[in-house]
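These values consider heavy atoms only, across backbone and side chains, with no hydrogens, waters or symmetry-generated copies. Indexing begins at 1, ligand by ligand and atom by atom, following the structure's order.
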Amino acid sequence: MKLALGCDHGGYRLKEEIKKLLDEEGLTYQDFGCYSTEAVDYPDVAQAVGEAVAAGEFDKGIVCCGTGIGVNIAANKIPGVRAALCHDTFSAKATREHNDSNVLTMGERVIGFGLAVEIVKAWLGAEFAGGRHQRRVDKIAQIEAKYKK
Ligand code: RB5
């Protein structure tokens, strides 16, 4: 599994913690930045990660900012991206099973590193359940298609 990682300055430290987990687990990732706590604009990194995932270059993406909300809104503008904002492990597992989410977003200013790592584990460890959920995910794609220029 190839993962795309990203953050703005508000999520930089959290992204670095997630990289430690991925290194321990031997998972492959590419870091799309940013690379310090110097201020950047969160839509830029959300777009870079989202486009890489939507293009099929990466299986999944994880993007952090201060709240997890800005990067979530931006990533979800990209057709094919189903970004889930998760600050608990139940949602992380459920969004993989039900929504086939392919981008996880979290906020460094919202949760601690310990919980964030457990959320990443829960999200990466869960599989899409298909069945009735596939029909619903297909309907999301239909909405995207309706508004595509
Ligand atoms: C940056 O200050 C902050 O706005 C950003 O990290 C994020 O929380 C936006 O949603």
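V103 and V120 fall into different hydrophobic clusters, defined by Ile, Leu, Val, Met, Phe, Trp and Tyr side-chain heavy atoms under 4.5 Å apart, directly or through other members.
The pair E16-R13 does not count as a salt bridge, with every side-chain nitrogen at least 4.0 angstrom from each carboxylate oxygen.
Closer than 4.0 angstrom to ligand 1 lie heavy atoms from D8, H9, Y42, C65, G66, T67, G70, R109.
Counting only N and O atoms by type, the side chains of S91 and W123 include no donor and acceptor under 3.5 Å apart. Between the side chains of D138 and Q134, at least one donor N or O lies within less than 3.5 Å of an accepting N or O.
Ring geometry for F32 versus F58: interplanar angle over 60°, hence perpendicular rather than tilted (30 to 60°).
The salt bridge (charged side-chain N to carboxylate O under 4.0 Å, His left out) contacts involving residues 92-102 comprise R82-D100, K93-E97, R96-D100, where partners must be two or more places apart or lie in separate chains.
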